[in-house]
Structures are given as C-alpha cells and as structure tokens.
Amino acid sequence: MELPWLGQHCSEHTCKQLDFLPLKCNACGEVFCKDHIRYDDHKCSSAYKKNVQVPVCPLCNTPIPVQKGEIPDIVVGAHIDKDCKYNPAQQKQKIFTNKCLKPGCKRKEMMKVVCEQCGGSFCIKHRHPLDHDCKGSSQPISKA
C-alpha cells in the first residue's frame with residue numbers, strides 16, 4: 001500500500017471497508033461507504049433529526065406536527081393520550097334510526113318524515129295521512 005493514510009473505514013460494523021471517498025452521515029456524523037450511507041442502510045439512530053416526515057395518527061387519521069429533534073413515536077403517543085378525537089362508538093352509530101309508526105311496518109328511514117296533521121314519524125311509503133290512518137285534527141284535502 002503506497003498511501004495508507006488516505007481514506008477511512010466504513011463505520012458499519014459488518015462492513016469496515018476501506019473507502020478512499022468516504023461519505024459522512026449528516027445525522028449521526030459517522031463515516032460510511034457508498035453502500036451504507038443511507039439512514040436505513042446503517043440503521044441511523046439520529047435519522048429522525050434529518051428525515052422529516054409527518055406522522056399520521058393511526059386512530060383518527062390526522063397528521064401530527066413534529067418539531068425538529070422530537071421523536072415521532074413519542075409525539076404520536078402523546079397525541080393519542082391527550083388530543084385524539086377518535087370515537088370508537090362513532091363507527092357503530094346507525095344511520096337509519098327513524099322508525100315508522102304505522103302498526104306492522106318495520107321500515108326505518110335516514111331522515112325523519114313527519115306527518116303535518118298528527119306529528120308522527122313515518123316511512124316514505126306511509127307518509128301520507130290516508131296511508132297511515134291518520135288520527136290528526138283536520139281531514140286530508142286529497143286522497144293519496
């Protein structure tokens with residue numbers, strides 16, 4: 001070897017290759033060869049400082065702002081403990097909740113259909129006063 005002072009060994013413990021054009025990691029400051037310079041390749045413990053990503057809460061699907069130098073897992077965990085708007089009961093809420101008051105009818109509607117004469121809630125099929133045997137105060141104007 002003519003110039004033994006040139007180059008540096010790769011800091012990856014499985015590699016240790018002598019590289020004449022070594023690359024320095026901008027996150028942890030260690031020297032690596034071209035095969036191990038990426039954060040994932042040398043399992044950089046300081047990658048979170050430079051590798052800027054916006055984590056998303058796994059429960060409420062909202063992006064969580066992370067400041068430089070903070071570990072994303074800790075910030076998301078704090079969000080889940082304090083600020084998360086996740087409501088597990090919200091997914092189980094029924095959409096069709098307005099049951100028809102006509103005896104024998106089991107239909108449910110998404111929107112409430114109220115009879116103007118008796119004030120009862122009915123399905124689309126029984127919405128007219130003559131269709132649900134309305135007991136309201138006034139007589140229907142026309143036949144349905």
Side-chain angles (χ1 to χ4, degrees), residues 5-144:
W5 62 88
L6 286 180
Q8 287 181 315
H9 289 281
C10 179
S11 295
E12 176 65 29
H13 68 283
T14 59
C15 181
K16 299 293 183 190
Q17 175 183 348
L18 178 63
D19 197 341
F20 294 104
L21 294 172
L23 302 166
K24 188 175 184 179
C25 177
N26 64 351
C28 64
E30 294 187 39
V31 176
F32 296 97
C33 65
K34 66 177 177 66
D35 297 329
H36 297 108
I37 191 59
R38 291 184 39 226
Y39 299 138
D40 294 338
D41 292 339
H42 68 271
K43 297 171 186 67
C44 188
S45 59
S46 302
Y48 68 90
K49 295 177 183 176
K50 298 288 182 173
N51 193 4
V52 181
Q53 295 178 353
V54 178
V56 176
C57 176
L59 300 176
C60 64
N61 287 332
T62 56
I64 312 298
V66 178
Q67 303 298 321
K68 266 193 172 177
E70 290 181 322
I71 299 172
D73 292 340
I74 294 173
V75 176
V76 171
H79 162 78
I80 290 172
D81 292 340
K82 295 177 185 173
D83 304 326
C84 191
K85 304 280 191 270
Y86 176 67
N87 181 5
Q90 184 179 23
Q91 294 177 350
K92 296 179 183 178
Q93 288 177 349
K94 295 179 180 176
I95 296 173
F96 299 97
T97 56
N98 299 304
K99 190 175 185 300
C100 180
L101 295 178
K102 167 94 173 159
C105 183
K106 295 182 179 183
R107 291 188 56 131
K108 294 180 182 178
E109 296 294 331
M110 187 184 310
M111 296 184 66
K112 199 171 203 174
V113 181
V114 180
C115 175
E116 293 177 2
Q117 295 179 7
C118 66
S121 178
F122 298 97
C123 66
I124 298 293
K125 187 177 177 183
H126 300 117
R127 70 184 183 270
H128 296 292
L130 290 177
D131 292 334
H132 65 262
D133 300 326
C134 188
K135 306 282 191 252
S137 60
S138 64
Q139 291 288 7
I141 298 171
S142 64
K143 283 191 166 188

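On a predicted model such as this, the values are computed, not experimentally measured, just so you know.
Put simply, CG on Asp35 and CD on Glu12 are 10.5 Å apart, with the number rounded to the nearest 0.5 Å. The line from SG of Cys57 to CD1 of Ile80 is 4.5 Å long, rounded to the nearest 0.5 Å. Between atom SG of residue Cys100 and atom NZ of residue Lys125 there is a gap of 9.5 Å, rounded to the nearest 0.5 Å. In this structure, NE2 in His42 is found 6.5 Å from CD1 in Ile37, a value given to the nearest 0.5 Å. Distance check, rounded to the nearest 0.5 Å: NZ of Lys108 to SG of Cys123 gives 13.0 Å. From Leu59, atom CG reaches atom NE2 of His79 across 7.5 Å, with rounding to the nearest 0.5 Å.
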After noting the C-alpha distance and the side-chain angles of Lys135 and Cys118, does the key distance pass the side-chain contact (heavy atoms from CB on, under 4.5 Å) rule?
CA-CA 6 Å; Lys135 306 282 191 252; Cys118 66; 5.5 Å; no
Practice prompt. Take Leu23 and Val31 through the side-chain contact (heavy atoms from CB on, under 4.5 Å) test and state the conclusion after the steps.
Written response: CA-CA 6 Å; Leu23 302 166; Val31 176; over 6 Å; no
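In this structure, Pro63 and Val54 approach most closely via the heavy-atom pair CB-CG1, 3.7 Å. Between Ala27 and Ser46, the shortest heavy-atom contact is CB-O, 3.4 Å. Of all heavy-atom pairs spanning Cys105 and Lys99, the tightest one is O-NZ, 3.7 Å. Of all the heavy atoms in Glu109 and Phe122, the pair that sits closest is CG-O, 4.3 Å.
Ser11 contributes no side-chain N or O that, together with a main-chain N or O of Glu30, makes up a donor-acceptor pair within less than 3.5 Å. Counting only distance, with no hydrogens or angles, the side chain of His132 and the backbone of His126 share a donor-acceptor pair below 3.5 Å. With His36 contributing its side chain and Asp41 its backbone, the two residues share no donor-acceptor pair below 3.5 Å. Of the possible donor and acceptor atoms, none in the side chain of Asp19 sits under 3.5 Å from a partner among the backbone N and O of Gln8.
One finds a salt bridge joining Lys102 and Asp133 here, because a Lys/Arg side-chain nitrogen approaches an Asp/Glu carboxylate oxygen to under 4.0 Å.
In this structure, the side chains of Cys25 and Tyr39 come closer than 4.5 Å at one or more pairs of heavy atoms. With a 4.5 Å cut-off on side-chain heavy atoms, Cys33 and Pro22 do not count as touching. Proximity of Val113 to Ile124: side-chain heavy atoms (C-beta onward) are separated by under 4.5 Å at one or more points.
The number of heavy atoms from other shown groups lying within 6.0 Å of NZ (Lys16) is above 12.
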